[in-house]
Enquirer: 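Below: one structure in structure tokens.
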Amino acid sequence: MRRISVDIGGTFTDCFFVWDDHYIDAKALTTHHNLALGFNEALDLACQRAGLDRATVLSEVDSVRYATTLGTNALIERKGPKVAAIVTHGFEDTIPLSRGRGYGEGLDDSMQQNLPAAERPEPLVPRSMIRSIKERVNSAGKVVVPLDPEDVRKTVRDLVNAGAEAIVVSLVNATENPSHELAVQEIILDEFPAHELGAIPVLLGHQVSGRKGEYVRSTSTIIDGFLHEIMFHALTQLSNNLREFGYDKPMLVIHNSGGMAQMNSTDALQTIHSGPIAGVGAAEHLSTETGLGHVISTDMGGTSFDIGLVPEGGVKHYDFLPTIDRWLVSVPMVHLDTLGAGGGSVASYDRIYNAIKVGPESAGSNPGPACYDRGGVRPTVTDADLLLGYLDPDNYANGYIKLNPKRAEFAIEETLCDPLDLDVVEVCRIIKDSVDEQMAIGIGKELRVRGYLPEDFTMLAYGGNGPLHACGIARHAGIKRVLAPPFSSVFSACGAGNMKQLHFHERGVHVTMYNATSRALYEDYEEFNSIVAELEARGREDLVRQGFPAADVKHRLELDMRYGNQLLTQAVALNDLTRMNGVGDVLAMIRVFGDVYSHRFGASSAAPEAGIRCNTIRVASYVDGDVVNFESLDSGGTRTAPVPVSHRPVHFIGHEAPLETPVFDQSVLTADSVIPGPAIVTTENTTFLVEPGWRLEPTGQGAVWFLQD
């Protein structure tokens with residue numbers, strides 16, 4: 001196996017390089033103006049460690065996989081083309097009106113409790129760029145009002161004259177009958193052929209999302225249209241860079257569904273949060289291979305802190321109506337909770353509460369924290385970590401970045417010490433403890449809202465800053481076992497290397513599995529099976545188009561089910577059932593739904609007497625591939641405390657005076673070592689901080705346990 005996996009984050013570009021039996025990790029600063037430059041720098045460092053040159057590697061690797069937060073950043077910054085929307089006559093205000101309280105989506109809990117004070121998000125498609133056409137398809141897919149081609153032509157010309165740079169077509173009930181959306185696309189391409197300079201991207205709602213719901217399908221397609229051009233140019237830039245150095249295979253892009261595909265089978269919407277979700281995939285794989293049990297994955301990088309949940313058995317949680325930025329969308333996406341807390345999170349003075357606020361704003365990679373000495377003037381978490389003694393200014397990121405303590409001290413004094421009347425060290429302690437507490441609160445909320453207790457979970461701490469803050473986060477969260485996994489600083493990139501090529505296809509349906517009024521079970525097996533067969537065929541076509549034999553394609557059937565008229569819908573994976581051939585299969589599907597529902601909400605919460613309905617039929621089509629193998633995390637035998645390379649005074653939470661702390665290099669991370677806290681272990685890509693009351697126990701393959709004494 002020879003492959004390159006890259007996670008392009010807001011601050012660092014992480015590279016995980018597999019060359020036969022060698023696993024190599026490397027990092028470089030993200031170059032936002034040209035992502036290929038940061039990739040080349042990270043890859044060159046990995047090649048240097050492997051004793052190879054870039055051209056040789058790119059000409060011989062099996063695949064190059066990209067995960068990126070570029071789409072996320074573009075949404076936050078509202079950098080995108082002028083998007084127009086074509087809708088059914090009479091539905092012009094569906095998009096701007098949202099769903100009643102929809103303008104609260106994407107806000108934090110405190111703002112959702114005070115919606116009258118909330119502000120609507122700036123629309124990606126202003127009302128002036130929404131046009132309607134005279135047509136109508138009913139809920140059964142029957143054409144009620146035929147499409148008028150001349151009306152469509154006039155509407156399209158008006159939008160182009162108004163400056164439209166991308167057109168979204170989202171018509172009522174197009175999932176039941178897409179003929180009108182397809183006809184609109186044909187007319188647009190006839191007016192503005194793809195080979196001419198006037199051509200603009202056209203995105204159809206039924207192709208982006210196959211589920212019912214006009215608003216969420218429209219918002220999904222609008223976000224896809226908004227990001228389409230940005231992602232196309234950025235990924236093409238990366239692809240051209242690969243070809244320039246001899247890579248002649250299709251580039252693979254990680255999806256937020258937990259899979260990946262070639263560029264020609266990827267929607268821009270599918271790239272949102274793809275980097276952190278690759279980390280959740282790696283956590284799932286590690287849990288399955290090593291029997292870790294319940295795992296909470298935490299990725300603390302330079303910009304954000306991402307939380308993923310992997311219960312025992314290695315099953316990820318999915319969001320089938322996730323919120324992206326401020327909009328509800330209808331795409332299957334691995335569940336992820338993201339906090340604005342990372343090494344680059346800016347610490348600011350809150351005048352109202354006379355306190356320090358950390359995040360969500362980040363200094364990013366340019367200019368970065370003040371201590372990077374690249375022009376940053378605002379204090380960050382990394383500046384506080386440096387002044388508390390956790391970081392080695394001459395050996396940060398393997399010496400790639402020289403840290404300047406004077407810059408960090410100046411930024412903190414000017415911004416925070418003067419208004420708070422505190423010394424620098426005390427302010428740094430507050431910053432460190434505040435950001436740890438924020439992340440712990442996020443973990444606790446994520447677990448308890450799903451019925452879990454933090455003490456039953458092992459916390460995976462990865463990302464460039466994960467092992468540095470692991471003990472502090474765990475202390476606040478009440479977690480006693482923390483594992484820094486193998487290749488922890490680039491764990492999300494490692495997860496990208498394990499992804500399967502996978503596609504989801506789904507269709508909204510009205511299937512009554514059990515009718516409570518007539519006490520009858522569903523009997524139209526042919527209709528149900530025909531929908532499943534159609535979705536399987538679409539998934540198989542996607543993968544065959546990417547070069548896989550049809551015989552290698554596997555399918556997994558999933559249903560969105562609910563009791564009666566409940567608003568809550570539960571996704572159910574039917575691993576052994578792919579068709580409905582009799583009453584036994586219907587009862588088996590109902591039984592799986594009941595088990596999943598009862599496990600999540602309690603045995604007494606199931607209500608089959610209200611009836612059982614299925615709203616969505618979904619098929620996951622995938623092809624298995626080679627994966628990175630993780631060894632057992634158990635390591636017996638006698639452990640001894642190694643000899644430190646130096647000592648330095650370090651400030652810890654709960655200790656007024658600095659503690660003389662032993663400092664180790666990465667040579668001590670062997671299975672026969674135990675490192676009691678307080679201690680610091682500095683490696684090429686990250687720093688392990690062992691707080692008082694904790695101990696460090698490395699394993700054989702590079703994983704490291706933080707255990708509470």
Side-chain angles (χ1 to χ4, degrees), residues 82-100 102 123-164 166-194 199-225 327-330 505-512 524 527 530-531 534-535 538 615-617:
K82 193 172 186 178
V83 181
I86 295 177
V87 300
T88 301
H89 184 67
F91 288 78
E92 299 88 348
D93 294 309
T94 298
I95 296 169
L97 282 177
S98 181
R99 302 184 313 140
L124 298 180
V125 177
R127 179 63 182 82
S128 60
M129 295 300 290
I130 299 175
R131 299 284 196 281
S132 66
I133 55 176
K134 297 180 178 64
E135 66 84 37
R136 191 62 186 267
V137 174
N138 68 14
S139 60
K142 181 181 177 181
V143 175
V144 179
V145 177
L147 191 74
D148 180 358
E150 288 307 313
D151 179 38
V152 175
R153 291 183 191 277
K154 179 180 180 301
T155 300
V156 171
R157 290 168 184 162
D158 285 348
L159 288 174
V160 173
N161 290 337
I167 295 179
V168 163
V169 184
S170 186
L171 306 179
V172 171
N173 293 318
T175 53
E176 302 306 306
N177 181 353
S179 60
H180 283 181
E181 284 194 354
L182 293 169
V184 172
Q185 181 185 45
E186 186 176 341
I187 291 170
I188 294 174
L189 292 177
D190 183 54
E191 287 287 310
F192 303 96
I200 54 179
V202 181
L203 295 97
L204 308 183
H206 79 277
Q207 293 179 345
V208 174
S209 173
R211 265 184 281 173
K212 295 177 180 292
E214 313 308 330
Y215 172 70
V216 288
R217 189 167 70 250
S218 297
T219 54
S220 302
T221 315
I222 286 168
I223 293 176
D224 201 33
W327 292 278
L328 197 72
V329 298
S330 57
H505 291 282
E506 56 187 4
R507 182 170 170 185
V509 295
H510 290 296
V511 172
T512 303
D524 197 346
E527 179 190 29
S530 67
I531 294 173
E534 176 195 344
L535 297 176
R538 290 170 61 187
N615 298 334
T616 306
I617 298 175

Enquirer: With side chains defined as the heavy atoms from C-beta onward, is the minimum distance between His180 and Val143 less than 4.5 Å?
Expert: yes
Enquirer: For Asp158, what residues pass the side-chain hydrogen bond (donor to acceptor under 3.5 Å, both in side chains) criterion, not counting sequence neighbours?
Expert: Lys154
Enquirer: Below 4.5 Å, heavy atoms only, C-beta onward: do Leu203 and Val169 meet side chain to side chain?
Expert: no
Enquirer: Evaluate the side chain to side chain contact (heavy atoms under 4.5 Å, CB included) criterion for residues Val83 and Leu124: first the C-alpha distance (whole Å), next the side-chain angles of each, then the deciding distance (0.1 Å), finally the verdict.
Expert: CA-CA 7 Å; Val83 181; Leu124 298 180; 5.9 Å; no
Enquirer: Tell me whether Arg127 is salt-bridged to Glu92, with the criterion being a basic N under 4.0 Å from an acidic carboxylate O.
Expert: no
Enquirer: Taking salt bridge (Lys or Arg N to Asp or Glu O under 4.0 Å) as the criterion, tell me which of Arg211, Lys212, Arg217, Arg538 meets it with Glu506.
Expert: Arg211
Enquirer: Looking only at heavy atoms, which two atoms of Glu181 and Leu171 are closest? And how far apart?
Expert: OE2-N, 3.0 Å
Enquirer: What do the steps show when you test Ile531 against Val509 for side chain to side chain contact (heavy atoms under 4.5 Å, CB included), and what is the final call?
Expert: CA-CA 9 Å; Ile531 294 173; Val509 295; 3.7 Å; yes
Enquirer: Is there a side-chain contact between Ile223 and Val329, using heavy atoms and a 4.5 Å cut-off?
Expert: yes
Enquirer: Rounded to the nearest 0.5 Å, how far apart are OG of Ser209 and NE2 of His505?
Expert: 12.0 Å
Enquirer: Taking Ser132 for the side chain and Val87 for the main chain, is one N or O donor matched with an acceptor at less than 3.5 Å?
Expert: no
Enquirer: Salt-bridge test for Arg507 and Glu534: reply yes if a basic N is under 4.0 Å from a carboxylate O, no otherwise.
Expert: yes
Enquirer: Please find the pair of heavy atoms, one from Ile187 and one from Pro149, that lie closest to each other, and give the distance.
Expert: CD1-CA, 3.8 Å
Enquirer: How long is the gap from CH2 on Trp327 to OG on Ser220, to the nearest 0.5 Å?
Expert: 12.5 Å
Enquirer: Would you check if the side chain of Asn138 reaches a backbone N or O of Lys142 as a donor-acceptor pair within less than 3.5 Å?
Expert: yes
Enquirer: So which heavy atom on Leu147 is nearest to which on Ala183, and how close?
Expert: CD2-CB, 3.6 Å
Enquirer: Verify, without hydrogens or angle tests, whether Asp151 (side chain) and Lys134 (backbone) share a donor-acceptor contact under 3.5 angstrom.
Expert: yes
Enquirer: Please check this pair: side chain of Asp190 against backbone of Glu186, looking for a donor-acceptor N/O pair closer than 3.5 Å.
Expert: no
Enquirer: Verify the distance criterion only: is there a donor paired with an acceptor across the side chains of Ser139 and Glu176 at less than 3.5 Å?
Expert: no
Enquirer: Distance check, rounded to the nearest 0.5 Å: Ile200 atom CD1 versus Glu191 atom CD?
Expert: 10.5 Å
Enquirer: Would you mind reporting whether Val144 and Val137 have side-chain heavy atoms less than 4.5 Å apart?
Expert: no
Enquirer: For the CG atom of Leu159 and the CD1 atom of Ile130, what is their distance to the nearest 0.5 Å?
Expert: 10.0 Å
Enquirer: How long is the span from the OH atom in Tyr215 to the OG atom in Ser330, to the nearest 0.5 Å?
Expert: 11.0 Å
Enquirer: Quick one: are Val156 and Val152 in side-chain contact, heavy atoms under 4.5 Å?
Expert: yes
Enquirer: Could you check whether any side-chain heavy atom of Ile167 comes within less than 4.5 Å of a side-chain heavy atom of Ile86, counting everything from C-beta outward?
Expert: yes
Enquirer: Are Gln207 and Leu182 packed together at the side-chain level, in the sense that at least one heavy-atom pair is separated by less than 4.5 angstrom?
Expert: yes
Enquirer: Looking at Lys82 and Ala162, what are the two nearest heavy atoms and their distance?
Expert: NZ-O, 3.0 Å
Enquirer: Can you tell if the side chain of Glu214 reaches within under 4.5 Å of the side chain of Asn173, non-hydrogen atoms only?
Expert: yes
Enquirer: Ignoring hydrogens, what is the shortest heavy-atom contact between Val172 and Glu135? Give both atom names and the distance.
Expert: N-OE2, 4.3 Å
